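For reference, the structure discussed in these notes is given below.
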Amino acid sequence: MTANSTPPKAPLRRFTLMLSGEDALDELESRNSPHKGLPHERFLLGELLPLAPVLLLGQSAQAVNPNEVITCLQPVHLHATRDHLILMGQNQIDLTPEESAKLLQVALPFIEEDFQSSILFYNQHYWFIPAGPFSSLASYSVDQAHGRNIDWWMPRDTTEEGIAKRWRKLQNEIQMLWHIGPVNEERGQRGMPSINSIWISGIGKLNDVQAPALLKQSQRLIGSHPILAGLSKLLSLPHEIALDENNLLGAFAWLDQPQAAWPQLSAALHGKQLDEVVIIDFPMGKVRERIFTAKDLNKKSWAFWKKAEPLTWKEISQP
């Protein structure tokens, strides 16, 4: 090193916060079929959206073949309105682990016969199996389709005709089995919605994951969503559920309540624990990335003599 050389700059102390995104309604109305995946799912996994193998990797201790096409099956409730059916979200049906296991036991012979394979892993909300003859289906996650008319969100044929019809046949067989089964009888007595259908989604393989560079360069992932648990294993990154003052540097977070974390993040900027906070969100379904430093935390005002007011989370998160 020469006498007049300058030391390299220290890397920025950065925290990245991703917010969940929704489909752009005008896009839904203008397309012949839904855009596969919610915006944040496509951001994390890439356009091929191999959701099922990532969820499997995050929720089980078993090795996942990176070249095997895997799908996710979920027991669901379809709510009947006057002229269509609406898919209810998983957090609305209060399915117990015991109920899920009993429903799977009833449906298992039919599932394994049609998929020509055995179940790889199951838990309360997810059942995983090699996609086999259903590998070419275009499918949509419960997170994307819930609360909507299922006619638009049912699986569709892509490269091979007749696969969606074959899935609907299996779906109908399982619906009839569950309709007369003891699980729904007991749920009815408790005033709970029946588990009256099965949903397929997330078809893909681990080798199809196209994680963004920003994620790969993170030091840890923070958040409770099972996608993060799977990505942490795939990318060999530490994964933590909750945010605290000791795990901010270099972290990428996807939080259930991001607004609750903002006071801590803004305090870390003011206190120089962080140089910047990157917020990634998806207005109108498109990726938006903004960088906030300590000087960006107050509202801009022409009235320079007035005390600056801090930005609220509502102002920061608005489209």
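Nothing here was measured: the structure is a model prediction, and the numbers come from that model.
- At distances below 3.5 Å, at least one donor-acceptor pair connects side-chain atoms of R187 with backbone N or O atoms of P193.
- Within the structure, side-chain hydrogen bond (donor to acceptor under 3.5 Å, both in side chains) contacts touching residues 261-273 (residues at least two apart or in different chains) do not occur.
- Atom CD of residue Q124 and atom OG1 of residue T96 lie 7.0 Å apart, to the nearest 0.5 angstrom.
- Taking 4.5 Å as the limit, every side-chain heavy atom of F292 sits out of range of all side-chain heavy atoms of L17.
- Between the side chain of S135 and the backbone N or O of G132 there is at least one donor-acceptor pair closer than 3.5 Å.
- Electrostatic pairing of K102 and E98 does not count as a salt bridge here, judged by no charged N lying under 4.0 Å from a carboxylate O.
- In this structure, E289 does not pair ionically with R14, as no charged nitrogen and carboxylate oxygen lie closer than 4.0 Å.
- Here the side chain of Q175 pairs no donor or acceptor atom with the backbone of S197 at under 3.5 angstrom.
- With a 4.5 Å cut-off on side-chain heavy atoms, I111 and I174 count as touching.
- Shortest non-hydrogen contact noted between G202 and P53 is O-CD, 3.7 Å.
- The shortest heavy-atom contact between M88 and V142 is O-CG1, 4.2 Å.
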Inset, instruction - Evaluate the side chain to side chain contact (heavy atoms under 4.5 Å, CB included) criterion for residues I222 and I241: first the C-alpha distance (whole Å), next the side-chain angles of each, then the deciding distance (0.1 Å), finally the verdict. - result: CA-CA 5 Å; I222 303 173; I241 300 298; over 6 Å; no

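- Between L103 and L95 the shortest side-chain heavy-atom distance falls below 4.5 Å.
- Once rounded to the nearest 0.5 Å, the distance linking CE of M192 with CD of Q92 reads 11.0 Å.
- Hydrophobic cluster membership is shared by F252 and L45, with clusters built from Ile, Leu, Val, Met, Phe, Trp and Tyr side chains linked at under 4.5 angstrom.
- With respect to the salt-bridge test (charged N to carboxylate O, under 4.0 angstrom), the residues K205 and E68 do not qualify.
- Without hydrogens or angle criteria, N247 side chain to L243 main chain gives no donor-acceptor distance under 3.5 Å.
- Between H77 and H79, the ring planes lie tilted relative to each other; the angle falls in the 30° to 60° range.
- Atom NZ of K36 sits about 11.0 Å away from atom CZ of R42, to the nearest 0.5 Å.
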Legend entry - Intermediate values then yes/no, side chain to side chain contact (heavy atoms under 4.5 Å, CB included), V54 and L44: CA-CA 11 Å; V54 174; L44 290 173; over 6 Å; no

Inset, instruction - Dump the intermediate steps for side chain to side chain contact (heavy atoms under 4.5 Å, CB included) on I198 and Q74, then the final yes or no. - result: CA-CA 6 Å; I198 186 169; Q74 292 175 273; over 6 Å; no

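- S141 and Q144 share no side-chain donor-acceptor pair at under 3.5 Å.
- Put simply, the side chain of Q105 does not reach to within 4.5 Å of the side chain of L108, judged on heavy atoms.
- In the hydrophobic cluster analysis, where Ile, Leu, Val, Met, Phe, Trp and Tyr join through side-chain heavy atoms closer than 4.5 angstrom, L57 is grouped apart from I119.
- Side-chain atoms of N184 do not come within 3.5 Å of backbone N or O of S194 as any donor-acceptor pair.
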Legend entry - Chi angles and distances behind the side chain to side chain contact (heavy atoms under 4.5 Å, CB included) call for N196, W178: CA-CA 6 Å; N196 57 8; W178 287 352; over 6 Å; no

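- Note on L55 and V209: same hydrophobic cluster, where clusters join Ile, Leu, Val, Met, Phe, Trp and Tyr whose side-chain heavy atoms are under 4.5 Å apart, directly or indirectly.
- Minimum interatomic distance between P133 and Q116 (heavy atoms only, all atoms of both residues): CG-NE2, 4.1 Å.
- Contact of the P238 side chain with the Q219 side chain is not registered, since no non-hydrogen atoms from C-beta on lie closer than 4.5 Å.
- With values rounded to the nearest 0.5 angstrom, L215 atom CG is found 5.0 Å from L221 atom CG.
- Contact annotation: the side chain of L19 never approaches that of F282 to less than 4.5 Å [non-hydrogen atoms, C-beta and beyond].
- Side chain of R220 to main chain of L249: a donor-acceptor pair is present (N/O by atom type, distance under 3.5 Å, no hydrogens or angles).
- Using a 4.5 Å heavy-atom cutoff, the side chains of L170 and F110 are in contact.
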Inset, instruction - Show the numbers, then the answer: is there a side-chain hydrogen bond (donor to acceptor under 3.5 Å, both in side chains) between E276 and T293? - result: CA-CA 5 Å; E276 59 184 39; T293 63; over 6 Å; no

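- For residues 156-167, no pair satisfies side-chain hydrogen bond (donor to acceptor under 3.5 Å, both in side chains), with sequence neighbours left out.
- Note that CD of Q171 is 12.0 Å distant from CG of D114, once rounded to the nearest 0.5 Å.
- Here the CG atom belonging to N172 is positioned 11.0 Å from the CG atom belonging to L177, to the nearest 0.5 angstrom.
- Partners of S236 according to the side chain to side chain contact (heavy atoms under 4.5 Å, CB included) rule, which considers only residues two or more places apart in sequence or in another chain, do not exist here.
- In this structure, S201 and S139 approach most closely via the heavy-atom pair CA-OG, 3.2 Å.
- Counting only heavy atoms from C-beta outward, the side chains of F15 and V278 never approach each other to under 4.5 Å.
- Looking at every heavy atom in both residues, I163 comes nearest to S136 through CG1-OG, 3.8 Å.
- No path of Ile, Leu, Val, Met, Phe, Trp and Tyr side chains, each step under 4.5 Å between heavy atoms, connects M18 with L255, placing them in separate hydrophobic clusters.
- Residues I195 and P75 come closest through the heavy atom pair CG2-CB, 3.6 Å.
- Under the 30°/60° scheme for interplanar angles, the aromatic rings of Y140 and W153 are found to stand perpendicular.
- Residue Y122 places its OH atom among 12 or fewer non-hydrogen atoms of other residues, nucleotides or ligands, all under 6.0 Å distant.
- A side-chain donor-acceptor contact under 3.5 Å links W127 and S100.
- Under 3.5 Å, the side chains of D256 and S224 contain a donor-acceptor pair of N or O atoms.
- By the rule that hydrophobic residues join a cluster once side-chain heavy atoms approach within less than 4.5 Å of another member, L248 and L269 end up as members of one cluster.
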